[in-house]
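By convention in this document, chain letters (A, B, ...) are assigned in the order of the sequence lines, proteins followed by strands, and residues within each chain are numbered from 1.
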There are 2 protein chains.
Amino acid sequence: MSVSAVDTLREERDRDAYAPHIRLFLKGRGREAMTPEDIATLEDSIDVVRDIPARTIVNRREERVRSSSLLLEGVMCRYMDDRQGNRQIVAFHVPGDFVDLHGFAMRHLDHDVATLTPVRVALVRHGRLETIVAHRPHLTRMLWFSTLLDAAMHREWIFRLGRLDADGRVAHLFCELHARLGMVDRVEQGVFRFPVTQIDLAEAVGITPVHLNRVLRGLRERGLMTFRSGEVRILDHPALVGLADFDPAYLYGGGPSVAGRDA
Amino acid sequence: MSVSAVDTLREERDRDAYAPHIRLFLKGRGREAMTPEDIATLEDSIDVVRDIPARTIVNRREERVRSSSLLLEGVMCRYMDDRQGNRQIVAFHVPGDFVDLHGFAMRHLDHDVATLTPVRVALVRHGRLETIVAHRPHLTRMLWFSTLLDAAMHREWIFRLGRLDADGRVAHLFCELHARLGMVDRVEQGVFRFPVTQIDLAEAVGITPVHLNRVLRGLRERGLMTFRSGEVRILDHPALVGLADFDPAYLYGGGPSVAGRDA
DNA sequence: CGTCCGCTTGACGTCGTTCAAGTTGGGTGG
DNA sequence: CCACCCAACTTGAACGACGTCAAGCGGACG
């Protein structure tokens, strides 16, 4: 490791000491592009930190949103129900995600937001975001980018449902979670916590809970991965990636400019 | 109609006379919230207008994007291929859409962008967008909003694939196109042009072209709609909406603040 | 200790795919 | 103007993945 790399690391650690809440924001996706001032501004914009129990609806669709939540700990999701009450989960959120930042520009959401586990969130009032948009173009662009990252994950979710069979969908979802949780240091040797039910997973990948259960059994019996009491063990990552046709490029590891090789 | 409404209409027409290219941008979704200065700025940001033939790849994934395209005429799409070459279309674009505005904040895309029909686009160089972000917070927010509209459509696309059967998916897609094209005055008594192939549609809704053909036949025989030589005829809109479980709220007709009832 | 929710497994039905064989129609060249 | 061509569309028959229905299991919590 070069000296400058060490310096960068130390600087990052120092900065983060003063910005404990947004420490994970855009980690592994261009967080370095944020200046110390950006980081301080964002940290100062936090209104309160709040703990919320599992299975709580945080935001109902059509409801006016006045602040956005940066997820610090736990798992949240976004979903919509059809009129028979069948649920489609459209996004999972893990620590470091700015869960409903899009509520700032949209004013109200087109879907519900809920916790799946107990969570801790940092709330940022939209008035603060307005100030940022008015005075900090670079930070604004980073925030914008982070909402577009969600859009990129949505697109991959469409691919998952449109082109993969049940095995592939499940494999793909766990590949994504593995990659995302890895970026925020939540994975150790292929093992990570993701304490949701099989029903939740089924509602995400668009199959029935019964069939999801069979798929999980298949993956387990083939030695690819296990999912038990909220813990995921990736046993054969290459095989899983193959089954899922997974390419993590859409997660923009390294940030907006990496693959584009900024001039 | 009230006098002030008439005035508003006249004013809008006057403005648009000087902004022919961005006339359709955010039409029906909060375009009114753009000030005359915003409109002029955006119009002035246009670099060139270009005509592109049908079936042309405009932007390849991972390729550095240096300008974004506002679609003026024709149909475009965004898609990704799996490694066997199966295509999943993740978005259709119609006149008034800022097709790859997200390329500005992301720098490179995670998918390909292509034309389906001959199109006319207005190109905006990213340097111009940077100036807008630096000096025009309100316009910045409108642009941000327009990229989030795409994300909202992605979410509904996920719902379509995850919760609906083949009939419902096709019905849902056509309901969306009907609503979107209606907002930019491309629909007359339930009839509109959408000159794509059945293969394209199949690649969008995640079924085989063979089955798509059967679904279309079913919809035709039940008198719900027809699709022939690039022309869509909505014959029984309520039935189609019912089949699709369609609720256009996610298209944000009226703009960001309508359902939220801005204070 | 009982209850409830989530997990598990089996049997069977159905929707959509696959494979295969035409048909139609817009575009091109003789 | 007609003949030809090719891509897109259309239809049929058989198969298979996933859904549905039903029953039983197991662990957490009151």
Side-chain angles (χ1 to χ4, degrees), chain A residues 53-55 75 77 82 84-89 116-118 160-173 194-222 225-233 243-244, chain B residues 53-56 75 77 82 84-89 116-118 160-173 193-222 225-233 243-244:
Chain A
R55 307 282 156 184
V75 179
C77 73
D82 66 14
Q84 299 99 276
N86 298 314
R87 176 161 303 181
Q88 176 65 46
I89 292 178
L116 291 175
T117 69
R160 185 184 293 151
L161 297 182
R163 286 285 92 105
L164 300 179
D165 62 13
D167 284 0
R169 292 184 198 180
V170 174
H172 193 284
L173 176 60
F194 195 69
V196 307
T197 66
Q198 292 188 6
I199 297 170
D200 297 325
L201 294 174
E203 287 172 347
V205 297
I207 61 179
T208 57
V210 172
H211 196 60
L212 181 99
N213 181 280
R214 294 193 236 264
V215 169
L216 286 178
R217 169 157 51 127
L219 296 176
R220 189 186 335 121
E221 286 172 352
R222 280 181 280 165
M225 60 161 291
T226 65
F227 174 77
R228 233 190 107 253
S229 48
E231 191 185 78
V232 179
R233 282 174 189 275
L243 197 60
Chain B
R55 306 282 159 184
T56 307
V75 179
C77 73
D82 66 15
Q84 299 100 279
N86 299 314
R87 174 160 304 181
Q88 176 64 45
I89 292 178
L116 292 175
T117 68
R160 186 185 292 151
L161 296 182
R163 286 284 93 102
L164 300 179
D165 61 12
D167 283 1
R169 291 184 199 180
V170 174
H172 193 285
L173 176 60
R193 301 230 74 224
F194 195 69
V196 306
T197 67
Q198 291 188 6
I199 296 170
D200 297 325
L201 294 175
E203 287 171 348
V205 298
I207 61 180
T208 57
V210 172
H211 196 59
L212 181 99
N213 182 280
R214 293 193 237 266
V215 169
L216 286 178
R217 169 157 52 129
L219 295 176
R220 189 187 333 121
E221 285 171 353
R222 280 182 281 166
M225 61 162 289
T226 65
F227 175 77
R228 232 190 109 254
S229 48
E231 189 185 78
V232 180
R233 282 174 188 273
L243 196 60

Task: Main-chain N/O of B:Thr226 paired with B:Arg233 side-chain donor or acceptor, under 3.5 Å - done: no
- [ ] Could you tell me the separation between the CG atom of A:Leu173 and the CD1 atom of A:Ile89, rounded to the nearest 0.5 Å?
- [x] 9.5 Å
- [ ] Given side-chain contact (heavy atoms from CB on, under 4.5 Å), test A:Gln88 with A:Asp82 step by step and report yes or no.
- [x] CA-CA 8 Å; A:Gln88 176 65 46; A:Asp82 66 14; over 6 Å; no
Open item on the list: Just the rounded figure in Å: distance from P of C:dG6 to CZ of A:Phe227.
Closed with: 12 Å
Task: d(NE2, B:His211; P, C:dT14) in whole Å - done: 15 Å
Can you check nucleotides 21-27 of chain C for protein contacts, nitrogen or oxygen pairs under 3.5 Å, and list what you find?
none

Open item on the list: Below 4.0 angstrom, which residues in residues 198-208 of chain B have at least one non-hydrogen atom near DNA chain D?
Closed with: B:Gln198, B:Ile199
- [ ] Give a yes or no on this: more than 12 heavy atoms of other residues, nucleotides or ligands lie within 6.0 Å of atom CZ of A:Arg228.
- [x] no
Task: Rounded distance (nearest 0.5 Å) linking atom CD of B:Gln198 with atom CG of B:Asn213 - done: 4.5 Å
TODO: Test side-chain contact (heavy atoms from CB on, under 4.5 Å) on A:Leu243 and A:Leu219 and set out the steps.
DONE: CA-CA 10 Å; A:Leu243 197 60; A:Leu219 296 176; 3.7 Å; yes
Task: B:Thr197 side, atom OG1; B:Leu116 side, atom CG - distance, nearest 0.5 Å - done: 8.0 Å
Task: Distance-minimising heavy-atom pair for B:Glu231 and B:Arg193 - done: N-NH2, 4.2 Å
Open item on the list: Classify A:Arg214 by what it touches in the nucleic acid, base, sugar-phosphate, or nothing, heavy-atom distance under 4.0 Å.
Closed with: base
Open item on the list: Any heavy-atom pair between the side chains of B:Pro195 and B:Val75 that's under 4.5 Å?
Closed with: yes
Task: Short side-chain N/O contact from A:Asn213 to OP1 or OP2 of C:dC7, under 4.0 Å - done: no
- [ ] Apply side chain to side chain donor-acceptor pair (under 3.5 Å) to B:Arg222 and list each qualifying residue two or more places apart in sequence or on a separate chain.
- [x] B:Asp167
Open item on the list: Report for the helix from C:dC1-D:dG30 to C:dG30-D:dC1: angle between first-end and last-end helix axes, five pairs each, rounded to 10 degrees.
Closed with: 40°
Open item on the list: How many whole angstroms separate atom CG of B:Asp165 from atom P of C:dT17?
Closed with: 11 Å
Open item on the list: Using side-chain heavy atoms (C-beta onward) and a distance below 4.5 Å, is A:Phe194 in contact with A:Asp200?
Closed with: no
Task: Steps toward side-chain contact (heavy atoms from CB on, under 4.5 Å) verdict (A:Val170, A:Phe227) - done: CA-CA 11 Å; A:Val170 174; A:Phe227 174 77; over 6 Å; no
Task: Along DNA chain D, first and last positions that approach a heavy atom of chain A under 4.0 Å - done: D:dC18 to D:dC21
Task: Distance, rounded to the nearest Å, where B:Arg169 contributes CZ and C:dG16 contributes C1' - done: 9 Å
Task: salt bridge (Lys or Arg N to Asp or Glu O under 4.0 Å) partners of residues 203-221 of chain A, not counting sequence neighbours, each pair once - done: none
